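Data block below; observations after.
Since the structure is predicted, the reported quantities are computational estimates derived from the model, not experimental observations. Every chain is numbered from 1, with letters handed out A, B, ... down the list of sequences.
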Number of protein chains: 2
Amino acid sequence: MNASDRLIESTQELLWERGYVGTSPKAIQQRAGVGQGSMYHHFQGKPDLAAAALRRSAEEMRALNERTLGGPGSVYERIAACLGREREVLRGCRIGRMAQDPEVVAEPELRAPVEETFDWLVARLAGLIEEGRASGEFRPGAPAAELAQALVAVIQGGYVLARAADSAEPFHQAVRGALALLLGQLAEQPE
Amino acid sequence: MNASDRLIESTQELLWERGYVGTSPKAIQQRAGVGQGSMYHHFQGKPDLAAAALRRSAEEMRALNERTLGGPGSVYERIAACLGREREVLRGCRIGRMAQDPEVVAEPELRAPVEETFDWLVARLAGLIEEGRASGEFRPGAPAAELAQALVAVIQGGYVLARAADSAEPFHQAVRGALALLLGQLAEQPE
DNA sequence: GTCTATAAGTAGATAGAC
DNA sequence: GTCTATCTACTTATAGAC
């Protein structure tokens with residue numbers, strides 16, 4: 001792997017672990033095993049490198065979610081598979097984490113990948129719910145986009161609760177609670 | 001107001017805006033209008049001051065939620081009042097935000113107020129749901145604690161989605177979605 | 001209690017040699 | 001392309017005077 005790719009990968013990891021403010025060029029270089037001059041040759045500076053790293057993380061995140069959402073099963077099963085997929089819960093969400101950083105939110109180049117990832121995920125879930133309504137699996141009700149936002153929020157909030165408790169348990173409880181609530185939207189109510 | 005209180009208040013604001021890593025003693029002193037020596041006289045250092053600020057924020061957050069959860073109305077109405085209460089959505093949650101900070105999570109003194117706030121809120125909501133089941137307002141189903149975790153996660157995740165979009169709208173959509181899902185738990189299903 | 005001085009270390013680069 | 005040197009500003013204090 002070349003220096004540029006190693007730099008991007010190290011930046012992805014550090015942004016995930018320490019956020020944008022907490023990530024220094026020096027730390028990136030050390031983890032990548034790359035010198036100062038090399039980094040500034042390939043990238044204009046920290047914001048430029050962070051933008052590249054975030055675009056790549058966003059792409060990976062989208063592929064990861066599509067694997068379950070586009071998989072086999074009923075709409076409910078696919079949503080459950082997505083929410084319940086294996087995660088390193090205590091590490092938090094590498095995309096959602098960036099939303100807390102004021103410098104990321106303030107800089108369009110940095111915020112764009114974050115916003116687009118959530119836009120995509122919400123739209124994908126809303127589309128699935130509508131598909132489930134069309135097929136008779138789900139009953140009509142609240143706007144699909146609102147239910148989708150709530151589901152994505154449960155995941156993101158689940159990460160927050162887990163890190164606050166230093167335990168993955170609150171995340172899993174929140175997901176089970178959300179799936180129980182979603183059951184109430186099925187056309188045939190399970191008893 | 002004395003120097004100590006001004007320092008705590010400034011720290012609360014800065015932790016909310018910029019997080020623990022992003023908040024420097026210098027910035028705290030300047031906002032508080034207090035000199036270096038004064039700060040180190042009243043507090044041992046940044047962690048000590050941050051711990052005091054977080055304990056105070058946690059207390060305020062709890063009082064704020066109790067105002068709606070302990071208010072008038074049915075259980076559903078009180079939960080809806082809590083989720084829908086006025087918020088400065090784009091500023092995020094001053095407690096939940098801290099969960100992203102590795103130095104906060106790693107330091108028990110700093111993490112404790114965060115964990116305790118969520119523990120209290122989840123327990124309060126779970127208690128309300130059980131109360132609603134006992135009175136016949138809610139139907140039995142998933143463990144109340146799981147539903148409560150999901151509701152708190154929706155709020156925390158809603159903040160994340162709002163900041164990612166630089167708009168309060170995703171937060172409000174997520175809350176509406178969550179309340180629609182919660183309606184499915186009422187004993188008398190509204191049509 | 002509050003102030004100023006000092007200090008070792010880091011942040012985030014730029015310059016120029018190789 | 002990569003390396004080392006250099007630089008200004010900030011971080012997080014400690015020391016000691018007032």
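The distance from atom CG of B:L7 to atom P of C:dG1 is 13 Å, rounded to the nearest whole Å. Taking atom CZ on A:F43 and atom C1' on D:dG1, their separation rounds to 13 Å, with Å as the unit. When rounded to the nearest whole Å, the span between CZ of B:R6 and C1' of C:dT2 equals 12 Å. Rounded to whole Å, the distance from NE2 on A:H42 to C1' on C:dT14 is 17 Å. Rounded to whole angstrom, the span from the CE atom of A:M39 across to the P atom of D:dT2 amounts to 13 Å. Atom CD of A:Q44 is separated from atom C1' of C:dG12 by 14 Å (rounded to the nearest Å). In this structure, the OH atom of B:Y40 is 11 Å from the P atom of D:dT11, given to the nearest Å. Note: CG (A:D48) to P (C:dA13) measures 10 Å, nearest angstrom.
Residues of residues 13-33 of chain A that place a heavy atom closer than 4.0 Å to DNA chain C, in numerical order, are A:T23, A:S24, A:P25.
Grouped with A:V154 in one hydrophobic cluster are B:V154, the linkage being side-chain heavy-atom contacts under 4.5 Å among Ile, Leu, Val, Met, Phe, Trp and Tyr residues. Under a 4.5 Å side-chain heavy-atom criterion applied to ILVMFWY residues, the cluster that includes A:L64 comprises that residue alone.
Checking side-chain atoms of A:R139 against main-chain N and O of A:G184 turns up a donor-acceptor pair under 3.5 Å. Side-chain atoms of B:E77 come within 3.5 Å of backbone N or O of B:S74 as a donor-acceptor pair. The main-chain N or O of B:L49 is never found under 3.5 Å from a side-chain atom of B:T11 such that the two would form a donor-acceptor pair.
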Distances under 3.5 Å between protein N/O atoms and the N/O atoms of nucleotides 6-8 of chain C, please, pair by pair.
none

With 3.5 Å as the limit, what N/O pairs link the protein to nucleotides 16-18 of chain C?
none

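Here A:R94 contributes atom CZ and A:L15 contributes atom CG; the two are 11.5 Å apart, rounded to the nearest 0.5 Å. For the atom pair B:K46 NZ and B:M39 CE, the distance stands at 9.5 Å (nearest 0.5 Å). The CG atom of A:L121 lies 6.5 Å from the CG atom of A:L69; values are rounded to the nearest 0.5 Å.
Closest approach to the B:A3 side chain among D:dT2, C:dT2, D:dA13 is made by C:dT2 (side chain taken as heavy atoms from C-beta onward).
In this structure, a donor-acceptor pair under 3.5 Å is present between the side chains of B:R87 and B:Y159.
Between B:H41 and C:dC3 there is no side-chain polar atom (N or O) within less than 4.0 angstrom of OP1 or OP2.
At least one test fails for A:R97 against the ring of A:W16: distance under 6.0 Å to the centre or angle within 45° of the axis.
Sequence neighbours left out, not one pair with a member in residues 107-154 of chain B passes ring-ring contact (aromatic ring centres under 6.0 Å, His included).
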